[in-house]
Amino acid sequence: MAHVVAALDQPSSYKDSQARGRDRKLQTELLSKSTTLYVGNLSFYTTEEQIYELFSRCTSPEEGGGIKRIIMGLDRNTRTPCGFCFVEYYTHAEALACLRYVGGTKLDERIIRCDLDTGYTEGRQFGRGKSGGQVRDEHRADYDPGRGGWGAQAQRAEIERRREIEERYADAQEGPGAVAGGGEDWEETKGATTEPSRKRERSPDDEGEGRGEARTKLEETHDA
């Protein structure tokens, strides 16, 4: 049955691109003693505390083990999490146990990927993509809210499209036949530009004359 069920601790196809020139035999030897896990497919919003809580479930602190440290993967430009991390243990057995039982589980509604790593070195915490994040997020064509939305190439294309639209709109406003703006200003100044009324106000004498004429007409009508 050994050939039917795949080993849970079998490393995946993940390889550190900076270790391409390393001897394969040395690579295998380092992995056989490794105390470090590479964790991928994380949400940008997953915290170090969440990772510690999950990956410490297969450790034995009472026996001198446990998590030594967690190195969060960061965007090279913004220094914000970009979807991966390194988890260092005190023993190889703990790293192997977490690879077997934690890898492939869900964290923040994402299936995380775990692999044995030859060991963390300074500088590997930064993304290697052109935009500063991971290379996989450069070419993504899908929308993933947990990893910044669209892929970096799609975002750059959208930014360029909006810039072109704004430039065309600006040219249309400045070119021949452009519609003058300022409707709100016209409403505000409308009252100020209106000419004053030329109608003469009624005086008390006018009111008296009007009443007298009305009374005379009423008397003439009564006599008739």
Side-chain angles (χ1 to χ4, degrees), residues 1-20 22-75 80-129 133-140 142-148 151:
M1 295 293 291
H3 65 284
V4 177
V5 180
L8 295 176
D9 58 349
Q10 183 68 29
S12 75
S13 58
Y14 163 76
K15 294 291 183 296
D16 178 15
S17 60
Q18 293 182 348
R20 288 177 180 173
R22 185 179 295 166
D23 181 75
R24 189 171 185 83
K25 184 178 180 181
L26 177 60
Q27 179 94 355
T28 303
E29 183 181 347
L30 291 172
L31 289 174
S32 67
K33 301 176 181 178
S34 174
T35 60
T36 304
L37 289 183
Y38 171 88
V39 184
N41 200 38
L42 292 171
S43 166
F44 288 2
Y45 306 103
T46 298
T47 64
E48 185 175 334
E49 289 76 14
Q50 289 175 281
I51 296 170
Y52 185 89
E53 181 182 356
L54 178 62
F55 283 85
S56 62
R57 295 183 180 183
C58 298
T59 60
S60 304
E62 64 279 359
E63 298 179 5
I67 293 178
K68 187 177 181 179
R69 63 172 175 166
I70 296 174
I71 302 98
M72 298 295 291
L74 302 175
D75 185 289
T80 56
C82 64
F84 72 99
C85 74
F86 297 92
V87 182
E88 287 188 355
Y89 294 91
Y90 283 101
T91 67
H92 173 69
E94 290 175 315
L96 204 58
C98 282
L99 173 63
R100 289 172 175 171
Y101 305 117
V102 177
T105 59
K106 275 191 174 183
L107 179 60
D108 269 349
E109 299 303 317
R110 303 182 67 85
I111 297 177
I112 58 176
R113 185 182 72 251
C114 298
D115 296 289
L116 283 174
D117 190 83
T118 54
Y120 169 78
T121 54
E122 186 62 31
R124 290 186 63 197
Q125 74 271 36
F126 299 121
R128 298 171 186 168
Q134 287 193 278
V135 175
R136 58 166 292 194
D137 290 313
E138 289 286 330
H139 307 284
R140 270 193 309 102
D142 62 324
Y143 183 82
D144 190 339
R147 295 185 70 89

Report task. Determine yes or no for a side-chain-to-main-chain donor-acceptor pair under 3.5 angstrom, with E88 supplying the side chain and I70 the backbone. Result -> no

Query - Derivation and outcome, side-chain contact (heavy atoms from CB on, under 4.5 Å), residues Y101 and R57 - result: CA-CA 9 Å; Y101 305 117; R57 295 183 180 183; over 6 Å; no

Query raised in the report: Looking only at heavy atoms, which two atoms of S34 and A95 are closest? And how far apart?
Result: O-CB, 4.0 Å

Report task. Taking R147 for its side chain and L42 for its backbone only, find out whether a donor-acceptor pair lies under 3.5 Å. Result -> yes

Report summary line: Value for NE2 (H92) from OG1 (T36), rounded to nearest 0.5 Å, stands at 11.0 Å

Requested in this report: State, with a plain yes or no, whether a side-chain heavy atom of T35 is found less than 4.5 Å away from one of T91.
Outcome: no

Report task. Report yes if some heavy atom in the side chain of I71 is under 4.5 Å from a heavy atom in the side chain of C85; otherwise report no. Result -> no

Report task. For the residue pair F55 and I112, establish whether any side-chain heavy-atom pair is separated by less than 4.5 Å. Result -> yes

Query raised in the report: Quick one: CD on Q27 to OG on S32, what's the gap to the nearest 0.5 Å?
Result: 11.0 Å

Query - CD (E62) with more than 12 external heavy atoms under 6.0 Å - result: yes

Query raised in the report: Are any of the side-chain nitrogens in R110 or D108 under 4.0 Å away from the carboxylate oxygens of its partner?
Result: no

Report task. Look up atom CG in L96 and atom OH in Y89, then write down how far apart they are to the nearest 0.5 Å. Result -> 11.0 Å

Report task. Answer whether the closest heavy-atom distance between the side chains of L54 and V102 falls below 4.5 Å. Result -> yes

Query - Least distance between heavy atoms, C98 atom then C58 atom - result: SG-CB, 3.5 Å

**Report entry** Nearest atoms (heavy-atom pairs only) where K106 meets I111
**Finding:** CG-CG1, 4.0 Å

Query raised in the report: If you round to the nearest 0.5 Å, how far is OH of Y90 from CZ of R69?
Result: 10.5 Å

**Report entry** For the student: nearest non-hydrogen atoms of S56 and Y52, plus distance
**Finding:** OG-O, 2.8 Å

Query raised in the report: Distance from L107 atom CG to E53 atom CD, nearest 0.5 Å?
Result: 9.0 Å

Query raised in the report: In terms of the angle between their ring planes, are Y120 and F86 parallel, tilted or perpendicular, with boundaries placed at 30° and 60°?
Result: tilted

Query raised in the report: Is there a donor-acceptor pair under 3.5 Å between the side chain of Q125 and the backbone N or O of G123?
Result: yes

Query raised in the report: Measuring from T80:OG1 to D75:CG, what's the distance to the nearest 0.5 Å?
Result: 5.0 Å

Query raised in the report: What are the two closest heavy atoms between M72 and T46, and how far apart are they?
Result: CE-O, 3.8 Å

Query raised in the report: So, E29 and K25, do they make that salt bridge, N to O below 4.0 Å?
Result: no

Query raised in the report: Does the side chain of D117 reach to within under 4.5 Å of the side chain of L37, using non-hydrogen atoms?
Result: no

**Report entry** E94 side chain reached by I67 side chain, heavy atoms, under 4.5 Å
**Finding:** no

Report task. Using a 4.5 Å cut-off on heavy atoms from C-beta on, say whether the side chain of F84 contacts that of V39. Result -> no

Requested in this report: Give the minimum heavy-atom separation between R128 and R124, together with the two atoms involved.
Outcome: NH2-CG, 3.8 Å

Query raised in the report: Would you say the side chains of T47 and Q50 form a donor-acceptor pair under 3.5 Å?
Result: yes

